[in-house]
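Each ligand, and each atom within it, is numbered from 1 in the order the structure gives. Model, not experiment: these values are computed from the prediction.
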Amino acid sequence: MSEEAFLQRTANCGALRAQDEGRTVVLNGWVHRDRNHGALHFINLRDRYGITQVVVDDDADPALQAAAAALKLEYCIAVEGVVRRRPPEMVNHDMPTGDVEVKAQKIEVLSQCAVLPFMIEDENNAKEDLRLKYRYLDLRGRGMTDRIVLRHKIVKAIREYFYKTDFLEIETPTLIRSTPEGARDFLVPSRIYPGRFFALPQSPQLYKQLLMVSGMDKYFQIARCYRDEDPRGDRQLEFTQLDIEMSFVKRDDVLELIEDLFNDVFKRVLDEDLPKHFRRLSYNDAMNSYGSDKPDLRFGLEMHDFTFAEACSFNAFTEALAKGGAVKYLVAPRSDKQDFTRKYITALEDAAKVYGAHGLAWMKVQDGHLTGGVTKFFADKESDILAETGAKEGDMILIVAHENWKKCCNSLGAVRNRLGADLGLIGDGYAFCWIIDFPLFEYNEDEGHWEAAHHMFSMPQAEYIDKLEEDPGAVKGDLYDLVLNGYELASGSIRIHDIELQKRIFRICNFSDEQAQERFGFLLDAFRFSPPPHGGIAPGIDRLCMIVSKVNTIREVIAFPKNTAAMSPMDECPATVEQNQLDELHLAVNLPKEAE
Ligand code: ASP
């Protein structure tokens, strides 16, 4: 069977330069824009690589002119022609191909285009669901194309780094046993074993640990992870992470590997020089100074304890302290970008309240004195406050008091973030940092028991091992997060490799020995066979690509994401299935009343 002949490209639409003058070329691509000036036609032909201007001269033969006149936006065409330099006044310095144009000799329509739901622009301003319904068109836009290409380059550089450092790339299964890892599992019914289910992995965590028991030593995988969570914030039901595990390592070995990896990838892909080592902050210091365990260190605005609260006459402050809480402040510098009006202070207060603050106290520096807000409670301390806080003319001191230290920190941290953005304090560039010394457990108020802050396989720091059960809240773990520009980019830990210690952690997290055996028996079993000390980490690829692409949702760096309602407008999934498919799986659908 012979293939359909068409004019096949000899150059792409981003390639031609002045030195190509005189070459006869064939371009294939899409009609990005076309302008007709009578018999003179300009066609901007686009493909993944760029745009080249094609011209049909006014003295071209009438058939060619007719072909050009019949073109419509986004037709897929082939053009044969001769490269010529543009006259100096027509050179387009914004386009890499802007020195030249192709004088068309033949135009062939490869396929026509239906009425477009939106114009193909560098950045598409259509509603997101419309963009996602026609994602294949949305991806034609320069911005989306560039982001997908950048993502490819990052993943490629990551793989190259690991290949040259002796890591093995190993695939782990995506049909696994349902094992609690923090979020809800996606379940996959088994047809062959009716009534039984696989789960999709929330991460390859247990498999990578088992690979260490196998002696694989250094493992990585670009892994897809699935978490059946409610649509909230910038979550996707499936996301991609760079999953890493290493044997015979201590915490600093993992941190240094990641520093080296990011140094290498940022240099090669973005030509950015990163510091050889990233700043390290303990969880407590990060919370105290920046009000977050993922602080944006592109700006300062550090928070401090408001020491004047101890002996003041303002009840909100003294009570918070009496109940074991904290009173913290930061100084918002005078700014031409934002006046500190009542309305603005209320907006900041609202930001604080999201994290549990009861209110936001404030004082302004005006004519060398403190004024407004809670000043009257501190009249006798004015000069001490000015000296200790360093607040200057026009600055504002913002204070949060809370009986719960964490809520106090997080609330003022939210104010800090808001000020960073509104006062234009956030610089360019990449501020990486490590957060270390996290608590190992968190108390689940709703269920009334402790649970793992990261996951149950993380090692407690040595000094706490003897008395884990006594005060789980005080135990620090060998956990670490990598933070970039205010986003949590990676989490990891040194793992437990001792069965008895692992069982104690399960018990503290409310898993009886029987439940632990039932869910994690295979891991405990494996730990009977000389597991090596090991640890790992898993940076999120979507987030990394989002940050370096300077966009604010991971949907902009995923070719086919779900929308904010956790469904796909393009192929309309999730969708119902045929009754016979359910029958084969021995499943009956029992809809909740409101969904019927
Ligand atoms: N499995 C962990 C996660 O997905 C990462 C790790 O501890 O390596 O967050």
Side-chain angles (χ1 to χ4, degrees), residues 158 162 167-174 176-186 199-213 216-229 234-247 249-258 261-262 283 293-294 434-442 451-461 476-484 487-497 502 505 509 519-520 523 531-544 554:
I158 288 173
F162 282 109
F167 276 76
L168 298 176
E169 183 171 14
I170 306 175
E171 289 162 80
T172 53
T174 48
I176 68 168
R177 187 188 176 93
S178 175
T179 44
E181 225 195 279
R184 198 177 288 112
D185 276 339
F186 272 104
L200 301 181
Q202 291 182 34
S203 83
Q205 183 63 34
L206 296 181
Y207 287 92
K208 67 176 171 174
Q209 291 193 240
L210 294 173
L211 287 171
M212 296 303 108
V213 179
M216 291 299 157
D217 195 41
K218 287 165 145 191
Y219 141 95
F220 89 99
Q221 179 181 197
I222 308 281
R224 194 64 69 82
C225 304
Y226 304 85
R227 297 183 187 177
D228 187 3
E229 295 181 301
D234 194 22
R235 286 191 185 154
Q236 284 284 307
L237 301 176
E238 52 183 313
F239 59 91
T240 307
Q241 75 186 20
L242 163 60
D243 201 43
I244 302 167
E245 198 74 9
M246 298 150 82
S247 291
V249 288
K250 297 208 168 131
R251 182 192 72 188
D252 287 1
D253 299 309
V254 180
L255 305 197
E256 280 162 26
L257 172 93
I258 293 294
L261 164 75
F262 280 108
Y283 168 79
D293 59 2
K294 40 182 191 302
W434 290 107
I435 308 297
I436 53 176
D437 300 335
F438 276 92
L440 189 65
F441 301 106
E442 268 166 11
E451 59 189 18
H454 179 211
H455 51 53
M456 291 188 285
F457 317 106
S458 298
M459 183 78 113
Q461 291 184 2
K476 297 270 190 289
D478 243 337
L479 311 175
Y480 31 84
D481 274 7
L482 180 63
V483 172
L484 172 55
Y487 290 97
E488 179 195 311
L489 192 59
S491 288
S493 61
I494 295 301
R495 325 297 185 187
I496 296 165
H497 63 280
Q502 185 66 70
I505 301 284
C509 296
R519 295 290 186 96
F520 303 105
L523 180 76
H534 59 286
I537 189 165
I541 298 284
D542 306 299
R543 270 212 186 137
L544 174 64
I554 59 172

*Could you check whether the rings of Phe220 and Phe162 sit parallel, tilted or perpendicular, using 30° and 60° as the cut-offs?*
parallel
*Residue of the set Leu168, Thr172, Ile170 for which side chain to side chain contact (heavy atoms under 4.5 Å, CB included) holds with Gln221*: Thr172
*Ligand-side contact atoms (ligand 1) for residue partner Gln241, heavy atom cut-off under 4.0 Å*: 4 (O)
*Is the shortest distance from a Lys or Arg side-chain nitrogen in Lys294 or Glu488 to a carboxylate oxygen in the other one below 4.0 Å?*
no
*Asp243 to ligand 1: N or O pair under 3.5 Å?*
no
_Closest contact, heavy atoms only, Pro439 versus Leu479_ = O-CD1, 3.6 Å
_Under 4.0 Å from a heavy atom of Ser203: which atoms of ligand 1 are those, numbered in the order shown and with their elements?_
1 (N), 4 (O)
*Where ligand 1 meets Ser491 - atom numbers and elements under 4.0 angstrom, heavy-atom basis*: 5 (C), 6 (C), 7 (O), 8 (O)
*By number and element, which atoms of ligand 1 are closer than 4.0 Å to a non-hydrogen atom of Lys208?*
6 (C), 8 (O)
*Out of Arg227, Gln205, His454, Gln209, who gets a non-hydrogen atom closest to atom 4 (O) of ligand 1?*
Arg227
*For Pro531 and His497, which heavy atoms make the closest approach, and how far apart are they?*
CG-O, 3.3 Å
*asked:* Heavy-atom contact check, 4.0 Å cutoff: does Glu488 meet ligand 1?
replied: no
*Only one of Arg224, Gln205, Lys208 forms a side-chain hydrogen bond (donor to acceptor under 3.5 Å, both in side chains) with Asp243, so which one is it?*
Lys208
*asked:* Below a 4.0 angstrom heavy-atom separation, can you tell me which part of Ile244, side chain or backbone, both or neither, approaches ligand 1?
replied: neither
*For Met456 and Phe520, what are the C-alpha separation, side-chain angles and deciding distance, and is it a side-chain contact (heavy atoms from CB on, under 4.5 Å)?*
CA-CA 11 Å; Met456 291 188 285; Phe520 303 105; 3.6 Å; yes
*Ignoring hydrogens and geometry, is there a side-chain-to-backbone donor-acceptor pair from Tyr480 to Ser493 under 3.5 Å?*
yes
*Within the structure, does Glu245 bring an N/O atom to less than 3.5 angstrom of an N/O atom in ligand 1?*
no
*Output the list of atoms in ligand 1 that are nearer than 4.0 Å to some heavy atom of Gly492, sorted by atom number.*
7 (O)
_Is it the case that the side chain of Arg495 and the backbone of His534 share a donor-acceptor pair, with hydrogens and angles ignored and the cut-off at 3.5 Å?_
no
*Backbone or side-chain N or O of Arg495 under 3.5 Å from ligand 1 N or O*: yes
*asked:* Any atom of ligand 1 sitting under 4.0 Å from a heavy atom of Gln202?
replied: no
*Numbered atoms and elements of ligand 1 in range of Ile537, under 4.0 angstrom, heavy atoms*: 8 (O)
